[in-house]
Amino acid sequence: MPLRVHDTRRREKVDFTTMNPGVVNMYVCGVTVYDLCHLGHARCYLAFDLIHRWLEKSGYDVNYVQNFTDIDDKIIIRANETGEDWRELVENNIATYYRDMDALNILRADKYPRCTEFVDDMISITADLIEKGNAYAADDGVYFSVESAPEKYGLLTGQNIDAVRSGAGGRVDGTGSGKRDHKDFALWKAAKPGEPTWESPWGPGRPGWHIECTAMSMDSFGEQFDIHGGGHDLLFPHHEAEIFQGECHTGCSPVVHHWLHNGFVNIDGEKMSKSLGNFWTISDILEKVDPYVLRLSLINAHYRSPIDMNEQLLKDAEKNHTRLMGVYKAALELMGINCPPLPEGDITSQVPLVKSLGLLEKMAQGFAIAMDDDFNSREACAKVLGALREMSRMLGILEGDDLGAYAQHCVEWLEDTAGSVLGVLPTREQTLVEPEEDPRRAEIAQQVEELISRRSSARTAKDWPAADAIREELTALGVVVTDTTEGPIWDLL
RNA sequence: GCACGGAUGUCAGAGCGGCUAUGAGCGGGAUUGCAGAUCCUGAGACCUGAGUUCAAAUCUCAGUCCGUGCUCCA
């Protein structure tokens, strides 16, 4: 079945095609490294991580390029505020970026170009655009003239240039810029005192924001490539500017074959913003929430839909992840070695094992169909959750070689879906390792063991009031005790 | 104002012409002294109005409400 993706420019789901068979060139706008990464960044790079993983799973060789914007007004402003050298600020934030994304199990891109390494390319593209009549130099920099290619206006957002023309009269001034038209955007910014600068034919200065991505994507892929991604907010003006620059410079239309945009994250129904005080950095969240749980909560919605982050969502994700881990761990422990091969699955069979294998096969197909349908991770998660129930049930019924082989099948099934595609499964080793001794746990262990032993005696004597009283004592200590067939186990609340 | 997207049970959130998912929550059952966990199971929804169709949550039109963007925020 073919992979279909929603293309922002064409405004519909289209069959996914690549320029070179079996190869996908994908560019995703990266972060401007002036601050820590927040939940919105996590959503974005997680969305494209899932896309990256699924394309590879589908057999494509993916060249994934994601840039760092390492020179920008915000970086200069922040460096001035803190008194830090801007290069140091950039290095620190890039290091943190990697740390956060690694924690979320986001696979690394193949390349992370930095703007400052491609200033020469940006200058030559800018010069070419001037030569072609698409750009002009002014006192304070070089601007792209939108009216030089009006047919390219609004290709992503659908905005009508005539409406903008008539509605904007005279709004140009006030910006204090040499723009001829308010729709124009900067390709090159003349240096202001104290700013980092590069030499150019238009005097010292630095590149505009939009030209960076054009230069870096072209450096990696040439004049045309398969996927360009980014946050929904970049649609305008950033990505429309890229269309102007790239298509006027190369003469190719389109430069980008598929535009993909992810939806935003809201917090408790409100837009996440610093002014509302509901701004969550990834580091903040990971202090409270397991990275796999956060990951699961963020793939709980389709990548294009907005997602509302709240307690309920995290609670659901935590519960689901616990279920996933429970079944995965049980299957790993029950997995047999050298078991005889399993029969073919068949959902119409009366034999429970055969029927169950058939059901799992059907759910794996459903998983693939969902992912092929514009990377529908929500639907894919539903298939995994459905499979968990089936696995959990069967693992409790089967015995002997059937059990060992079935458990192994479950392990592989989960690793193939929840593991390598959704990225919410730790390694086998991590799953089987006993939880580390918490120092707080060690501190009270003796006392707790003693209480539990007394409670066990009370339970043997069927003295329930006494047993429950001891359990309340344990609760007061912050300990929860759970009775299992192998005896009571306890954990910190 | 213009543009784009959305409105599905208590909540989250898929489905996008015939059957509806999934998870949480709630109800019943099995297991357990109880609780928890696990398994089985039940109830409960498609914004409004019109149209197309044998058939509409799904397509069309209109309306209402909501979100986002409209110069550097993923």
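In the text below, chain A, chain B and the rest are named by the order of the sequence lines, each starting its count at 1.
- Using atom P as the reference point in both B:rU58 and B:rU8, the two lie 13 Å apart (nearest Å).
- Across all strands, A:T482 comes closer than 4.0 Å to base atoms (heavy-atom distances).
- Distance noted for atom C1' between B:rC26 and B:rA7: 25 Å (whole Å).
- Going from the P atom of B:rA24 to that of B:rG67 covers 30 Å, rounded to whole Å.
- The distance between atom CD1 of A:I470 and atom P of B:rC34, rounded to the nearest whole Å, is 18 Å.
- A salt bridge is defined here as a Lys NZ or Arg NE, NH1 or NH2 lying under 4.0 Å from an Asp or Glu carboxylate O, and A:D140 with A:K179 fails to meet this definition.
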Steps toward salt bridge (Lys or Arg N to Asp or Glu O under 4.0 Å) verdict (A:R459, A:D483): CA-CA 11 Å; A:R459 292 182 71 222; A:D483 298 314; 3.2 Å; yes
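- Going from the P atom of B:rG1 to that of B:rG63 covers 12 Å, rounded to whole Å.
- Atom P of B:rG17 sits at a distance of 7 Å from the matching atom of B:rC59, rounded to the whole Å.
- Close to B:rG25, at under 4.0 Å from its OP1 or OP2, lies no side-chain N or O of A:K315.
- Look at B:rC26: its Watson-Crick or wobble partner, with both distances under 3.5 angstrom, is B:rG42.
- Residue contacts shown for A:Y45 are limited to sugar-phosphate atoms, with no base heavy atom under 4.0 Å away.
- The distance between atom CD1 of A:I369 and atom P of B:rG15, rounded to the nearest whole Å, is 13 Å.
- Closest to the A:D316 side chain, of the nucleotides B:rA74, B:rG23, B:rC16, is B:rG23.
- Applying the 4.0 Å criterion to OP1 and OP2 of B:rG5, one finds that A:T157 has every side-chain N and O outside that range.
- One cannot find a donor-acceptor pair under 3.5 Å joining the base of B:rU38 and the side-chain atoms of A:R393.
- Close to B:rA24, at under 4.0 Å from its OP1 or OP2, lies no side-chain N or O of A:N320.
- A:D463 comes within 4.0 angstrom of no nucleic acid atom, judged by non-hydrogen atoms across all strands.
- Donor-acceptor pairing under 3.5 Å, judged by distance alone, is present between the side chain of A:D468 and the base of B:rG33.
- Checked against B:rA74, B:rA24, B:rG13, the side chain of A:H38 finds its nearest nucleotide in B:rA74.
- Listed candidates were B:rU22, B:rG15, B:rC4. Nearest to the side chain of A:R11 is B:rC4.
- Comparing B:rU20 with B:rU31, their C1' atoms are spaced 32 Å from each other, to the whole Å.
- Listed candidates were B:rA74, B:rU22, B:rG33. Nearest to the side chain of A:A382 is B:rU22.
- Contact check on A:R393 versus A:E390 returns a salt bridge, with a Lys/Arg side-chain nitrogen under 4.0 Å from an Asp/Glu carboxylate oxygen.
- In this structure, B:rG1 forms a base pair with B:rC70, meeting either the Watson-Crick or the G-U wobble geometry with both donor-acceptor distances under 3.5 Å.
- Atom P of nucleotide B:rA3 and atom NE2 of A:H261 are separated by 20 Å, given to the nearest angstrom.
- Closest approach to the A:W209 side chain among B:rA37, B:rC72, B:rA74 is made by B:rC72 (side chain taken as heavy atoms from C-beta onward).
- Among B:rC4, B:rG69, B:rG33, the nucleotide with an atom closest to any side-chain atom of A:R455 is B:rG33.
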Working note: A:R11 + A:D7, criterion salt bridge (Lys or Arg N to Asp or Glu O under 4.0 Å); need CA distance, chi angles, decisive distance, verdict. CA-CA 6 Å; A:R11 281 165 236 262; A:D7 178 55; over 6 Å; no
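- Salt bridge annotation for A:K189-A:D72: absent, with no cationic side-chain nitrogen under 4.0 angstrom from a carboxylate oxygen.
- Relative orientation of the A:W259 and A:H239 rings is tilted, given thresholds of 30° and 60° on the angle between their planes.
- Regarding contacts with the backbone of B:rA21, every side-chain N or O of A:K383 stays at 4.0 angstrom or more from both OP1 and OP2.
- B:rA14 atom C1' lies 14 Å from atom CD1 of A:I299, rounded to whole Å.
- Nucleic acid contact for A:N266: none, since no nucleic acid atom lies under 4.0 Å from a heavy atom of the residue.
- Annotation: B:rU48 and B:rA56 have their P atoms spaced 15 Å apart (nearest Å).
- The listed nucleotides are B:rU38, B:rC73, B:rA35; the one nearest the side chain of A:R323 is B:rU38.
- Side-chain polar atoms of A:H210 and A:H238 form a donor-acceptor pair below 3.5 angstrom.
- The base of B:rC16 lies outside donor-acceptor range of the side chain of A:K13, with no N or O pair under 3.5 Å.
- Contact between the side-chain N/O atoms of A:S392 and the OP1/OP2 oxygens of B:rC39 is found at a separation under 4.0 Å.
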Would A:Y27 and A:Y64 count as a ring-ring contact (aromatic ring centres under 6.0 Å, His included) here? Give the steps. CA-CA 6 Å; A:Y27 183 93; A:Y64 182 11; 9.1 Å; no
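- For a distance-only test at 3.5 Å, the side chain of A:D483 qualifies as a donor-acceptor partner of the base of B:rC34.
- Pairing partner, B:rG36: none, since no Watson-Crick or wobble contact has both distances short of 3.5 Å.
- Between B:rG44 and B:rC11, the two C1' atoms lie 13 Å apart (nearest whole Å).
- Proximity of A:R389 to the phosphate of B:rC40: a side-chain N or O atom is located under 4.0 Å from OP1 or OP2.
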